[in-house]
Amino acid sequence: MAGLRLGPLLRYVDWDTGGSATIWVEADRPCTAEVRCADGAGGSVRTFQIAGHHYALVPVTGLTPGTTTAYEVLLDGVLVWPAAAGGGFPPSTISTPAVGGGPGAPAPGLRVTFGSCRQAAPPAGRRGPHGADALDTLAARLAQDPEELRPDVLLLLGDQVYADQLSHDTRKWLAARRDLREAPGAQVADYEEYTRLYYESWLDPEIRWLLSTVPSLHIFDDHDVIDDWNTSAAWVAGMRATPWWRERVLSGLMSYWVHQHLGNLSPAELAADALYAAVRSTPDGTDALRAFAASADADPASVRWSYRRDFGRSRLLMVDTRAARVLAEDGRAMLDPAEQRWLRENALEGHGGYDHLLIGSSLPWLMPPLIHDAEVWNAALCRGERGARWARIGEDLRRRSDLEHWAAFPPSFAALSDLIEEVGTGPKAPATVCVLSGDVHHAYVAEPRIPSTARVFQLTCSPVHNSIHAAVKWGFRLGWSRLGRWLGRGFSRHGRTGRPPLSWRRTGGPWFGNQLMTLALAGRSARLRLDQARAGRPGARLVTVLERELTAGE
């Protein structure tokens, strides 16, 4: 009899018709996975196999718009979810938007909760826990209070798993499998070890229930593969020279495709996906997926991890800021030319037909000014503006200090800034353009000074469950200060970089702690909330530290 190893995860929910969704599961053997809803909707599909694991992305059809229905998961006709013990959580449900109300009917509102950087457990060797987990705490609050408004979608903006910073339990598991004195040591080495990270993270009871009932969209960041992934051409060359790197990067891309990327796609996109068809048409899709991952690593332009989702009159463009980079020092770009065209075309397509544009970027666009100037300066050094000796110093600083955000790719920073200004200007401008980011282990709101019609925001929120060294926290505070701005101008003079193509100011934060941001969009209004997880008795709770209307005057 087949059993449920992981999931279910509610992934795609159709906002065009309100009639379909997809549910991701992993079974412990080949079987038919089926979803049955209380209202009669449902669907089934045969599992596919990757590296001895069996997965299914079940298409659910026949849903009624504007309703919430409970669902069950069956494997070969046997009920496996909800679990027999129940766990004290409410039934897993699928909620669909109320669409098709006719001309003049208001578009459904949208609640987007987002964050990044979640370690499921403290990494081995760290002192103590990271504090209350914001995602766990959100799940507990939603489960306990049926009146609490649930997010319509959860955006996970990178570092969903940490392949290079392992918990004590996972490190023990690895030590029983192989000799940790051999590279890569206490880091994951292959696909099987990646699956352990997803079990550790997604079998957490609160997270398992939350992801079964709130749709989630994902994009990777560096720790999903390794810290500083694709920082520079020199970094890539050094990693490719190590004997263990190829297996690591291929396994990272393969496991991301299975566990995260597939669920980002709509049923129509899945139907047109040649790789998805290939892995489902053979008893074992491992070789096909491995060949895809090898191609993606060798030629990042051959694959698109970015994607677009439209939620009524709100548009989300989730952008790959890791694998799509151009790393040649004389032509560094955050996005390769095809990816840059994709971003521009999807931002401008139907311009005037959406009220809010959300750009999901794991790495922030607008950073503390001192850090921005330091990254621009460092990019100039590395491309040789101050000679070979400074170029070597610059490369060392880039890796030691994580100088790899949009500012470290000056032409890309300028191109994104120009695109945001173009989208946000004129009679067709949306009410807001928001860049949603994580990575930097603190939260803040920044606003650029550009002559746009739309309100433009950098909304940064991380970590969900992690920590930050006191020295780094001090550095971020300095980065936002007047002294930091003055020091940044010194970097600009030394690197002969000039001033940034636009200026910006911080209008909220910085906040430090485990936290989540929520955007509530309705018509042309937008409201932002920041909740922090605080430990307490009898358990952790979410404390709202910011509530702010973003569209006053709209």
Within the 4.5 Å heavy-atom criterion, are L275 and L289 side-chain neighbours or not?
yes

If you round to the nearest 0.5 Å, how far is CG of N264 from CG of L270?
10.0 Å

Sequence neighbours excluded, which residues qualify as side-chain contact (heavy atoms from CB on, under 4.5 Å) partners of A233?
L327

As an exercise, state the distance from CD of E422 to OG of S417, rounded to the nearest 0.5 Å.
12.5 Å

Can you name the salt bridge (Lys or Arg N to Asp or Glu O under 4.0 Å) partners of D224, sequence neighbours left out?
none

Please check if the distance between the ring centroids of Y55 and H259 is under 6.0 Å.
yes

For V435 and F457, what are the C-alpha separation, side-chain angles and deciding distance, and is it a side chain to side chain contact (heavy atoms under 4.5 Å, CB included)?
CA-CA 6 Å; V435 179; F457 299 92; over 6 Å; no

Shortest non-hydrogen contact from L253 to A293?
CD1-O, 3.7 Å

Nearest 0.5 Å, please: how far is CZ in R315 from CG in L357?
7.5 Å

Could you grab the distance from atom CZ of R11 to atom CG of L57, nearest 0.5 Å is fine?
8.0 Å

L154 versus F114: any side-chain heavy-atom pair under 4.5 Å?
no

Quick one: pull up CG in L210 and OG1 in T113 and give me the separation to the nearest 0.5 Å.
9.0 Å

Give every residue pair that meets the salt bridge (Lys or Arg N to Asp or Glu O under 4.0 Å) criterion with at least one member in residues 288-308, sequence neighbours excluded.
R240-D297, E247-R290, R304-E339, R308-D310, R308-E349

Is the shortest side-chain N to carboxylate O distance from D396 to R400 below 4.0 Å?
yes

Exercise: do D28 and H53 side chains pair donor with acceptor under 3.5 Å
no

If you define the side chain from C-beta out and look only at heavy atoms, does anything of D402 sit under 4.5 Å from D439?
no

Is any side-chain heavy atom of S212 closer than 4.5 Å to a side-chain heavy atom of W81?
yes

Before you tell me yes or no, could you show the steps for H356 and Y354 under ring pair (Phe, Tyr, Trp, His ring centres under 6.0 Å), namely the whole-Å CA-CA distance, both residues' side-chain angles and the distance that decides it to 0.1 Å?
CA-CA 6 Å; H356 304 277; Y354 56 82; 9.1 Å; no

Residues V279, W257; criterion side chain to side chain contact (heavy atoms under 4.5 Å, CB included); working and verdict
CA-CA 12 Å; V279 299; W257 186 87; 3.8 Å; yes

Between D228 and R399, is the closest basic N to carboxylate O distance under 4.0 Å?
no

Is there a donor-acceptor pair closer than 3.5 Å between any side-chain N or O of S116 and the backbone N or O of L157?
no

Less than 3.5 Å apart, any donor N or O on the side chain of T61 or S20 sitting next to an acceptor on the other?
no

Tell me, please, which residues at least two apart from W24 pass side chain to side chain donor-acceptor pair (under 3.5 Å).
none

Do V433 and L358 have side chains that get closer than 4.5 Å, going by heavy atoms?
no

Can you find a side-chain donor-acceptor pair between T47 and Q49 that sits under 3.5 Å?
no

Where do W235 and N230 come nearest, in terms of heavy atoms and distance?
CZ3-N, 3.2 Å

Evaluation steps, side chain to side chain contact (heavy atoms under 4.5 Å, CB included), between L381 and R392:
CA-CA 8 Å; L381 297 188; R392 290 191 296 271; over 6 Å; no

Is any side-chain heavy atom of S167 closer than 4.5 Å to one of E200?
yes

Nearest heavy-atom approach of G394 to C382 is C-SG, 3.3 Å

According to the ring-ring contact (aromatic ring centres under 6.0 Å, His included) rule, which pairs have a member within residues 307-351, sequence neighbours left out?
W15-F311

Not counting sequence neighbours, list each pair that qualifies as a salt bridge (Lys or Arg N to Asp or Glu O under 4.0 Å) and has a residue in residues 377-390.
R383-E385

Step through it carefully: locate the ring centre of H218, locate the ring centre of F220, and say whether they are under 6.0 Å apart.
no

With no hydrogens and no angle check, do the side chains of E375 and H405 hold a donor and an acceptor under 3.5 Å apart?
yes

Any side-chain heavy atom of V440 within less than 4.5 Å of one from T460?
yes

As an exercise, state the distance from CG of L155 to SG of C461, rounded to the nearest 0.5 Å.
11.0 Å

Are Y256 and Y194 side-chain neighbours, meaning at least one heavy-atom pair lies under 4.5 Å?
no

Under a 3.5 Å cutoff, is there a donor and acceptor pairing between the side chains of Y162 and N466?
yes

Side-chain donor or acceptor of Q515 paired with backbone N/O of S462 under 3.5 Å
yes

Only counting residues at least two apart or in another chain, list the ones meeting side-chain contact (heavy atoms from CB on, under 4.5 Å) with P411.
none

Name all residues meeting the side chain to side chain donor-acceptor pair (under 3.5 Å) criterion together with T22; count only those two or more places apart in sequence or in a different chain, and write none if there are none.
none

Give me each pair satisfying salt bridge (Lys or Arg N to Asp or Glu O under 4.0 Å) with a member in residues 260-289, each pair once, sequence neighbours excluded.
none

Sorted by chain and residue number, the side chain to side chain donor-acceptor pair (under 3.5 Å) partners of Q160 (sequence neighbours excluded) come out as Q260

Would you sort out whether D355 and L521 count as a side chain to side chain contact (heavy atoms under 4.5 Å, CB included), showing the intermediate values?
CA-CA 9 Å; D355 293 323; L521 308 174; over 6 Å; no

What residues form a side chain to side chain donor-acceptor pair (under 3.5 Å) with R177, not counting sequence neighbours?
D190, E193

Tell me, yes or no, whether the heavy-atom count around R246 atom CZ, taken from other residues, nucleotides or ligands under 6.0 Å, exceeds 12.
no

Heavy-atom closest contact (W305 atom, A296 atom, distance)
CZ2-CB, 4.4 Å

Considering all heavy atoms of both residues, which atom of V13 and which atom of P97 are nearest to each other, and what is their separation?
CG1-CD, 4.1 Å

For P500, check side-chain contact (heavy atoms from CB on, under 4.5 Å) against everything at least two apart and list the hits.
H372, D373, W504

Can you name the closest pair of heavy atoms from Q187 and L174 and give their distance?
O-CD1, 3.8 Å

Under a 3.5 Å threshold, yes or no: a donor from one side chain and an acceptor from the other, between T321 and S362?
yes

Between R118 and D159, does at least one N-O distance fall below 4.0 Å, as a salt bridge requires?
no

Hey, is R322 close enough to D221 for a salt bridge, meaning N to O under 4.0 Å?
yes

For R398, is there an ion pair with E395 - N to carboxylate O distance below 4.0 angstrom?
yes

Are side-chain N/O atoms of E421 and S452 paired as donor and acceptor at under 3.5 Å?
no

